[in-house]
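All remarks here apply to the structure that follows.
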Amino acid sequence: MSVKNLDDLLGEGVQGRYVLVRSDLNVPLDGDRITDDGRVRAALPTIKKLADAGAKVVVTAHLGRPKGEPDPKYTLAPVAKRLSELLGAEVALAGDLVGESAKALTGGLADGGVVLLENVRFDARETSKDAADRSELAAELGALVPGGAFVSDGFGVVHRKQASVYEVASVLPAYAGGLVLAELDVLKKLTDDVQRPYVVVLGGAKVSDKLGVIANLLTKVDRLLIGGGMAYTFLKAQGHEVGQSLLQADQLDQVKGFLAEAEKRGVELVLPVDVLAATEFAADAENEVVDATAIPADRQGLDIGPRSRELFAGKLADAKTVFWNGPMGVFEFEAFSGGTRAVAEALVKSDAFTVVGGGDSAAAVRQLGLPEDGFSHISTGGGASLEYLEGKELPGVTALEEKN
């Protein structure tokens with residue numbers, strides 16, 4: 001990838017110059033409390049480098065899925081507070097995106113100062129399907145930083161063709177941030193000259209979310225381990241009853257095709273052999289360990305069982321490269337977090353190059369209290385990672401490449 005990067009920009013000199021940074025600050029909240037600040041901490045190095053070099057740093061980001069208009073539930077105020085704490089300096093939050101508050105705060109920004117614009121998705125043009133709408137918003141963002149530059153550092157959104165990710169790169173001189181470059185370097189290690197055995201662990205709720213990546217990985221991996229809610233569609237495709245477990249019946253033919261393709265290519269596709277079958281979807285639900293091929297009609301699988309945990313750990317033991325995306329069960333409920341913990345602990349013990357593919361997997365690592373430095377890399381972008389591994393073009397990266 002040939003793009004200008006943050007070091008190039010710093011080498012040009014940024015003292016007194018505006019820099020618009022697109023970060024990924026889409027953190028989980030409980031009310032106004034951030035429950036996992038991993039993305040804020042990941043965004044910090046680029047912001048700090050620019051501020052320390054005397055730039056006037058204007059950060060734009062989204063939170064949640066507001067419907068194209070201001071919604072107090074999705075304000076970035078908790079993020080501004082946490083960013084201030086981590087940076088050791090006040091990060092002022094504009095009351096809007098490109099309105100009077102944003103103009104006043106950015107216009108009065110001191111060298112080395114940082115302003116966070118309010119949620120970019122409060123403006124419907126950010127995610128509009130109309131390129132003209134997106135370009136209009138990008139121009140307004142660019143006008144906030146006269147003579148400035150753009151740094152794309154939100155890896156979790158580079159797979160989106162959105163105004164603050166894609167179009168703004170054509171409005172301002174554009175550079176890749178350190179986080180985006182680091183993420184892409186890691187993903188290249190999962191696609192180019194991979195050390196084998198190469199094992200991928202996929203979990204999460206829906207097979208439909210990972211159709212493309214499964215199809216592509218079946219041409220590249222040595223083993224594919226399937227857990228989480230999506231495992232029940234695979235088990236059903238093999239002819240087993242899955243009780244009340246999550247099932248995507250409309251994906252059965254597709255999954256049967258994956259099973260046949262894996263066999264044809266000699267890819268070892270590993271499914272759970274036992275599950276924790278619960279009476280209901282609840283943290284305190286009564287549950288029992290049952291064979292994965294004999295789930296009672298009135299129960300639903302909420303986690304892989306103890307034999308499956310041993311099986312999966314064994315299949316990871318000799319791996320040289322591992323990519324993991326998606327929990328093995330409902331890890332948010334302590335009673336059903338054991339499978340996810342078992343996979344994570346197997347990766348921590350491994351000598352392999354281990355990548356946690358963002359999203360719920362990254363959240364699980366932190367929630368379960370596992371050492372983040374026990375993994376080679378924890379991605380900040382689940383969807384972006386999957387689309388890269390699927391072989392898709394990432395618009396936010398393409399926009400940077402087109403400038404060089």
Under 3.5 Å: donor-acceptor pair, side chain of T340, backbone of M328:
yes

Could you walk me through whether L224 and I226 pass the side-chain contact (heavy atoms from CB on, under 4.5 Å) check?
CA-CA 6 Å; L224 182 59; I226 305 287; 3.9 Å; yes

Give the C-alpha distance, both sets of side-chain angles, the deciding distance and a yes or no for salt bridge (Lys or Arg N to Asp or Glu O under 4.0 Å) between R299 and E280.
CA-CA 7 Å; R299 292 192 176 234; E280 60 179 327; over 6 Å; no

Pairwise distance CG(L202) to CG(L389) - rounded to 0.5 angstrom:
9.5 Å

Does the side chain of F150 come within less than 4.5 Å of V21's, by heavy atoms?
no

Treating N325 as the side-chain partner and S361 as the backbone partner, does any N or O pair qualify as donor plus acceptor under 3.5 Å?
no

Could you work out, with side chain to side chain contact (heavy atoms under 4.5 Å, CB included) as the rule, every residue matching R341, not counting sequence neighbours?
E345, L368, L370

For the pair T398 (side chain) and L394 (backbone), establish whether a donor and an acceptor sit closer than 3.5 Å, ignoring hydrogens and angles.
yes

Residues 243-260, side-chain donor-acceptor partners within the protein, below 3.5 Å, at least two apart:
unit_1 : atom_1 : unit_2 : atom_2 : d
Q244   : NE2    : A297   : O      : 2.9
S245   : OG     : V242   : O      : 2.7
S245   : OG     : G301   : N      : 2.8
Q248   : OE1    : V207   : N      : 2.8
Q248   : OE1    : S208   : N      : 3.1
Q248   : OE1    : S208   : OG     : 3.4
Q248   : NE2    : S208   : OG     : 2.8

Can you tell me which residue pairs pass the ring pair (Phe, Tyr, Trp, His ring centres under 6.0 Å) test with a partner in residues 363-388, sequence neighbours excluded?
none

With a cut-off of 3.5 Å and sequence neighbours excluded, list every side-chain donor-acceptor pair involving residues 44-60.
unit_1 : atom_1 : unit_2 : atom_2 : d
T46    : OG1    : D153   : OD2    : 3.0
K48    : NZ     : D52    : OD2    : 2.8

Minimal heavy-atom distance between V275 and A292, with the atoms involved, is CG1-CB, 4.2 Å

Please walk me through it: do V14 and L10 pass side-chain contact (heavy atoms from CB on, under 4.5 Å)?
CA-CA 6 Å; V14 293; L10 292 170; 4.0 Å; yes

Side chain to side chain donor-acceptor pair (under 3.5 Å) filter on Q238, not counting sequence neighbours, yields none

Could you work out, with side chain to side chain contact (heavy atoms under 4.5 Å, CB included) as the rule, every residue matching D274, not counting sequence neighbours?
V289, P306, R307, S308

Listed partners of E263 passing side chain to side chain donor-acceptor pair (under 3.5 Å), at least two apart
none

For E393, which residues count as a salt bridge (charged side-chain N to carboxylate O under 4.0 Å, His left out) partner, sequence neighbours excluded?
none

Ignoring hydrogens and geometry, is there a side-chain-to-backbone donor-acceptor pair from T191 to L187 under 3.5 Å?
yes

Restricting to non-hydrogen atoms, name the atom on G148 and the atom on P173 that form the minimum distance, rounded to 0.1 Å.
O-CD, 3.4 Å

Output yes when R366 and E372 qualify as a salt bridge under the 4.0 Å nitrogen-oxygen rule, no when they do not.
yes

Quick check against the 3.5 Å criterion: does R121 have a side-chain atom that pairs as donor or acceptor with the backbone of E126?
no

In this structure, CG of L20 is separated from CG of L117 (nearest 0.5 Å) by 7.0 Å

Apply salt bridge (Lys or Arg N to Asp or Glu O under 4.0 Å) to R134 and D123, showing your working.
CA-CA 10 Å; R134 298 195 307 269; D123 191 314; over 6 Å; no

Which atom of A278 lies closest to which atom of N287, heavy atoms considered
CA-CB, 3.9 Å

Any ion pair linking K315 and E268 (charged N to carboxylate O, less than 4.0 Å)?
yes

For D37, give me all partners under salt bridge (charged side-chain N to carboxylate O under 4.0 Å, His left out), at least two apart in sequence or on another chain.
R41, R82

Of the non-hydrogen atoms in A285 and F336, which two are nearest, and what is the gap between them?
O-CZ, 4.2 Å

So, for F331 and S337, which heavy atoms are closest and what is the spacing to 0.1 Å?
O-CB, 3.5 Å

What donor-acceptor contacts under 3.5 angstrom involve side-chain atoms of residues 68-76, with partners at least two apart or in another chain?
unit_1 : atom_1 : unit_2 : atom_2 : d
D71    : OD1    : K73    : N      : 3.0
T75    : OG1    : A77    : N      : 3.2
T75    : OG1    : E118   : OE2    : 2.7

Could you list the donor-acceptor pairs under 3.5 angstrom formed between side-chain atoms of residues 89-97 and any protein atom two or more places apart in sequence or on another chain?
unit_1 : atom_1 : unit_2 : atom_2 : d
D96    : OD1    : G99    : N      : 3.3
D96    : OD1    : A102   : N      : 2.8
D96    : OD2    : E100   : N      : 3.2
D96    : OD2    : S101   : N      : 3.2

To the nearest 0.5 Å, atom NZ of K210 lies from atom CG of L386 at 6.0 Å

Could you verify whether a donor N or O on one side chain and an acceptor N or O on the other, from S152 and R22, lie under 3.5 Å apart?
no

Would R39 and T380 satisfy side-chain hydrogen bond (donor to acceptor under 3.5 Å, both in side chains), going step by step from the backbone distance to the final call?
CA-CA 6 Å; R39 282 179 169 160; T380 56; 5.5 Å; no

Applying side chain to side chain donor-acceptor pair (under 3.5 Å), name anything that partners Q367, two or more places apart in sequence or on another chain.
none

D30 side chain to R33 main-chain N or O, any donor-acceptor pair under 3.5 Å?
no

Going by an N to O cut-off under 4.0 Å, is there a salt bridge joining E167 and R125?
no

With a 3.5 Å distance limit and no angle check, can you tell me whether N216 reaches the backbone of V213 through a side-chain donor-acceptor pair?
no

May I ask you to decide if S376's main-chain N or O and T354's side chain share a donor-acceptor pair within less than 3.5 Å?
yes

Checking side-chain contact (heavy atoms from CB on, under 4.5 Å) for the pair F281/Q300: CA distance, chi angles, key distance, verdict?
CA-CA 8 Å; F281 187 89; Q300 56 184 299; 4.0 Å; yes

d(L137 CG, L141 CG) to nearest 0.5 Å is 4.5 Å

Closest heavy-atom pair and its distance - Y18, P146
CD1-O, 3.6 Å

Please tell me whether Y198 and F323 form a close aromatic pair, meaning their ring centres lie under 6.0 Å apart.
no

